[in-house]
Amino acid sequence: MADQHSSVATATTIVQHVSEELPSRYVLPEQHRHGGIPAGEAMPEPLPVVDISRLPTTDEASKLRAALESWGLFLATNHGIEASLLDALMDGAREFFRQPLETRQEFSNLVDGTPRHKGYTDHPVLSQDQTIDWFDRVHLAIDPEDERDLSSWPRFFRDAMLEYAGESKKITDQVLRAIATLLELEEDHFISKFTDRAITFAAVNYYPPCPAPDHVFGFRPHSDGRLITVLLADNDIGGLQVRKDGRWYNVPTKPGSLLVFVGDSLEIMSNGAFKAAVHRVVTNPVKERISLAMFFGVDGDTVLEPASALLDETRPSRYRKMRTKEYIQGILELYSRYERMIETMKI
């Protein structure tokens, strides 16, 4: 699900077409192997559920606070998006990934051999010795609007995606207003950071069956770089796991619900009051898995730093300042080494 909104070199192998023998470029170093399904444990308590329609009432805000303080994510229900739209998105994504390779490559991220940060792609490769995660994806730039190239959006879910992007932004705004209120900031504190150059993009991720799930990651451990991620997860097959207190837990899904994650940018802006969720995806030997992630972040020139109202003599800044574009580039550089950029930001 990671935030990879950048132009980088890409691998040439499409995971979906790897033969039964696992190529070495996907095999994890011994120290990172995880035991495969079911490597994660059941959550010690139910994943927090937040009724979006009831925000910002006191009871629901309390649930939101508990969710963000304990897990950094929650299940969003009564969010206002019709089930038919969610079904159309997932059905369209499945249809796309079942098309012949020639059809899928009509929406490739390569233009005259040069990668761009939108279109159909496999895993970004940043070094020759990098282990590659077991997924393919369609990366769609949504905002700023002048970067939105509908020709790179597969026709199988183009209309549904455009509608969903607007609806998920409404959810993000509701959640960010509630979070600001919890922190005793102005209600629009975080939303006001979204200029007309703010970044929104979607990633439609496809995890094919893997012949050796204990030797690969579908997606390696990471936290998302932006403020908020809204995830539409596959209800038919699990694989998403979240880390808490050094242990990995399987994240359940609920039909019609969405998963909402805190990202690094929000952790920094909240001065660590709410931590970004560290998560990963493990693969399945017989079943495919699809997910759709929407990432909402500030523009590249915005300086990431804790809100000034959260700082005083007794509450010093826990993070150093950095422009968003430099922070995201740092994520990309450290990602291949299984390291998190936010750890370098802590004071």
Side-chain angles (χ1 to χ4, degrees), residues 1-6 8 11 15 25-44 47 68 70-74 122-127 129-137 203 205-207 210 212-229 231 233-234 237-253 259-268 272 274-284 289 291 293 295 327-346:
M1 220 168 64
D3 182 345
Q4 293 164 335
H5 187 82
S6 180
V8 293
V15 176
R25 68 191 308 184
Y26 296 98
V27 178
L28 291 168
E30 191 72 36
Q31 68 270 27
H32 293 297
R33 295 184 188 175
H34 50 82
I37 297 288
E41 305 174 48
M43 285 187 164
L47 182 65
L68 299 186
S70 59
W71 294 100
L73 77 157
F74 61 89
D122 58 353
H123 196 285
V125 176
L126 305 174
S127 64
D129 58 352
Q130 175 184 335
T131 304
I132 302 174
D133 293 346
W134 191 263
F135 76 95
D136 297 331
R137 70 166 21 170
N205 300 311
Y206 177 78
Y207 304 92
C210 179
D214 57 331
H215 284 60
V216 307
F217 277 127
F219 223 124
R220 70 191 59 198
H222 67 282
S223 54
D224 299 329
R226 308 293 174 171
L227 275 81
I228 291 288
T229 303
L231 181 73
D234 197 324
I237 179 69
L240 177 64
Q241 299 176 341
V242 63
R243 189 177 71 193
K244 183 181 181 184
D245 300 327
R247 305 176 77 166
W248 288 99
Y249 296 97
N250 297 316
V251 178
T253 58
L259 286 162
V260 179
F261 292 74
V262 169
D264 291 354
S265 295
L266 186 57
E267 176 176 333
I268 293 169
F274 301 128
K275 299 292 195 300
V278 178
H279 50 289
R280 70 184 187 184
V281 176
V282 295
T283 61
N284 190 285
R289 180 178 181 273
S291 67
F295 301 91
Y327 184 81
I328 298 301
Q329 185 59 41
I331 289 178
L332 292 168
E333 293 171 357
L334 294 178
Y335 179 79
S336 64
R337 306 203 299 264
Y338 301 89
E339 299 174 11
R340 294 177 64 211
M341 181 63 182
I342 198 164
E343 296 299 328
T344 73
M345 299 287 287
K346 294 179 179 178

Is the backbone of G225 close enough, under 3.5 Å, to the side chain of S265 for a donor and an acceptor to pair up by distance?
yes

Scanning both residues in full, the closest heavy-atom pair of L47 with V251 reads CD2-CG1, 4.0 Å

Legend entry - side chain to side chain contact (heavy atoms under 4.5 Å, CB included) between R289 and N284, worked out: CA-CA 8 Å; R289 180 178 181 273; N284 190 285; over 6 Å; no

d(Y207 OH, D234 CG) to nearest 0.5 Å is 10.5 Å

Side chain to side chain donor-acceptor pair (under 3.5 Å) filter on K244, not counting sequence neighbours, yields none

Does any non-hydrogen side-chain atom of L240 lie less than 4.5 Å from one of L259? yes

Can you check whether G40's main-chain N or O pairs, donor with acceptor, with N250's side chain at less than 3.5 Å?
yes

Between the CG atom in D214 and the OG1 atom in T283, the distance rounded to the nearest 0.5 Å is 8.5 Å

Rounding to 0.5 Å, atoms CG (L266) and OG1 (T229) come to a distance of 10.5 Å

Next item on the list: Go through the steps for I328 and R226 under the test side chain to side chain contact (heavy atoms under 4.5 Å, CB included), then give the verdict.
Entry: CA-CA 9 Å; I328 298 301; R226 308 293 174 171; 3.8 Å; yes

Problem set entry | Min side-chain heavy-atom separation W134-P213 under 4.5 Å | no

Smallest heavy-atom separation, V27 atom then T131 atom, equals O-CG2, 3.4 Å

Would you check if F219 and R280 make a side-chain contact, meaning some heavy-atom pair closer than 4.5 Å? no

Parallel, tilted or perpendicular for Y338 and F217, by the 30°/60° rule?
tilted

What one should report as the nearest heavy-atom pair of A277 and G72 is CB-O, 3.6 Å

| task | May I ask you to decide whether D133 forms a salt bridge with R220, counting only side-chain N to carboxylate O separations under 4.0 Å? | result | yes

*For the residue pair H279 and F261, categorise the inter-ring angle as parallel (less than 30°), tilted (30 to 60°) or perpendicular (more than 60°).*
tilted

Those residues at least two apart in sequence (or on a different chain) that pass side chain to side chain contact (heavy atoms under 4.5 Å, CB included) with R340 are S223, R243, D264, E267, A276, V278, I342, E343

> Does a side-chain heavy-atom distance below 4.5 Å link F135 with V281?
Replying inline: no

For Q241 and W248, the nearest pair of non-hydrogen atoms, with its separation, is O-CZ3, 3.7 Å

Of all heavy-atom pairs linking T253 and A233, the shortest is CG2-CB, 3.6 Å

Minimal heavy-atom distance between L68 and V262, with the atoms involved, is CD2-CG2, 3.5 Å

So CD of E339 and CD of E333: to nearest 0.5 Å the spacing works out to 11.0 Å

